[in-house]
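Working notes, structure below.
Because only heavy atoms are used, hydrogens play no part in the values below, and waters and symmetry mates are left out as well, while side chains stay in. One is the number of the first residue; the rest follow in order along the sequence. Order of listing sets the numbers, starting from 1, for every ligand and every atom in it.
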Amino acid sequence: MADPELLGFEHMGLDPRLLQAVADLGWSRPTLIQEKAIPLALEGKDLLARARTGSGKTAAYAIPMLQLLLHRKATGPAVEQAVRGLVLVPTKELARQARSMVQQLAAYCARDIRVADVSAAEDSASQRAVLMEKPDIVVGTPSRILNHLQQDSLTLRDSLELLVVDEADLLFSFGFEEELKSLLWLLSSCRSPSCQGQTS
Ligand SMILES: Nc1ncnc2c1ncn2[C@@H]1O[C@H](COP(=O)(O)OP(=O)(O)OP(=O)(O)O)[C@@H](O)[C@H]1O
């Protein structure tokens, strides 16, 4: 019998729309980090994943995040539209890249799952307008996210289910420490979301 760890994306129980997006990207098999992390994240486990640069870490958190949100929308009780996934990244450029990857993976479910990069717009009025739409997934730097939480233009307390700290080694290092501490303190009032930390 084939080793389940050596099987492809189609054996992970993913929504067909995600499988189609993965196929369009030309990915025939999960990378090692995806093979290991996706099944555990789908079980709702908290993860700390470490893999080298370019090993596919973004999809390792984005695929289960999308799958869990799609499953919830399809099978859970109808709930108000709200931000349920938060991805913290150290820079605006990484926010742009992460959002782009998540959006490519969500290409066939864009009506069900909306993704926003709160670091993209410079002025806070535009950022607030984006957040008022209550995207399902918000990507941003800690300072931006903290700012909006403090101004109440972003509310996560009753809705946040999935938290990703991308480039966690960088984010927990000197320079982001104070922002991250305040942010985590504010997030501690959320009903405990599943967490993924990614480092390279
Ligand atoms: N299963 C896969 N098969 C083929 N290519 C893949 C697969 N998963 C991701 N990729 C591609 O690998 C490249 C690197 O992916 P990604 O940026 O997610 O890596 P990373 O580990 O997050 O890198 P970094 O540490 O620089 O952020 C991207 O071009 C992505 O499209």
Side-chain angles (χ1 to χ4, degrees), residues 2-43 45-71 85-110 113-120 135-145 162-176 179-180 183 193-200:
D3 179 346
E5 289 202 349
L6 296 177
L7 297 171
F9 288 105
E10 61 278 11
H11 296 275
M12 290 177 167
L14 300 175
D15 187 288
R17 291 168 290 179
L18 295 180
L19 289 175
Q20 186 59 55
V22 163
D24 286 1
L25 284 163
W27 301 353
S28 50
R29 293 191 32 75
T31 63
L32 184 61
I33 187 75
Q34 292 164 0
E35 216 166 70
K36 301 281 181 196
I38 293 173
L40 293 173
L42 290 176
E43 286 173 26
K45 300 238 165 71
D46 290 340
L47 295 180
L48 177 59
R50 184 174 185 166
R52 63 181 167 72
T53 292
S55 53
K57 294 190 291 296
T58 315
Y61 66 72
I63 290 174
M65 186 175 245
L66 290 167
Q67 172 66 29
L68 290 167
L69 294 177
L70 281 172
H71 182 259
L86 178 64
V87 180
L88 298 175
V89 292
T91 65
K92 274 175 62 174
E93 174 53 22
L94 284 171
R96 192 191 60 73
Q97 287 174 22
R99 183 217 184 178
S100 162
M101 181 87 273
V102 178
Q103 248 168 355
Q104 287 179 70
L105 289 164
Y108 291 94
C109 48
I113 306 284
R114 280 176 290 143
V115 190
D117 169 8
V118 81
S119 299
D136 299 87
I137 299 173
V138 170
V139 182
T141 56
S143 56
R144 274 291 153 83
I145 301 289
L162 305 155
L163 170 66
V164 173
V165 185
D166 200 352
E167 305 286 350
D169 47 349
L170 252 178
L171 279 177
F172 282 102
S173 67
F174 182 78
F176 291 102
E179 279 167 357
L180 211 64
L183 187 53
S194 293
C195 296
Q196 268 207 54
Q198 302 269 353
T199 79
S200 45

Ligand 1 N/O within reach of Leu94 N/O, cut-off under 3.5 Å: no
Nearest heavy atoms of Gly8 and Pro30, plus distance in Å: CA-CD, 3.7 Å
Close side-chain approach of Phe9 and Leu18, heavy atoms under 4.5 Å: no
Location of contacts on Arg29 toward ligand 1, heavy atoms closer than 4.0 Å: backbone
Nitrogen or oxygen of Gly56 less than 3.5 angstrom from that of ligand 1: yes
Option whose closest heavy atom lies nearest to atom 16 (P) of ligand 1, chosen from Thr58, Thr31, Leu105, Leu32: Thr58
Ligand 1-proximal atoms of Tyr61, by part, heavy-atom distance under 4.0 Å: neither
Option with minimal heavy-atom separation from atom 23 (O) of ligand 1, where the choices are Ala59, Gly54, Gly26: Gly54
Set of residues satisfying side chain to side chain donor-acceptor pair (under 3.5 Å) with respect to Arg99, sequence neighbours excluded: Gln103
Salt bridge flag under 4.0 Å for residues Glu167 and Lys57: no
Where ligand 1 meets Phe9 - atom numbers and elements under 4.0 angstrom, heavy-atom basis: 1 (N)
Gly56 backbone acceptor or donor facing Gln34 side chain under 3.5 Å: yes
Side chain proximity check, Leu88 to Ile145, heavy atoms < 4.5 angstrom: yes
Proximity flag Gln97 to ligand 1, non-hydrogen atoms under 4.0 Å: no
Which residues share a salt bridge (charged side-chain N to carboxylate O under 4.0 Å, His left out) with Arg114, sequence neighbours left out: Glu133
Minimum heavy-atom distance between Ala98 and Val89, given as atom pair plus value: CB-CG1, 4.4 Å
Interfacing atoms of ligand 1 (cut-off 4.0 Å, heavy-atom, Arg52): 21 (O)
Ser28 contact mode with ligand 1 (heavy-atom cut-off under 4.0 Å): neither
Short N or O distance, Ser55 and ligand 1, threshold 3.5 Å exclusive: yes
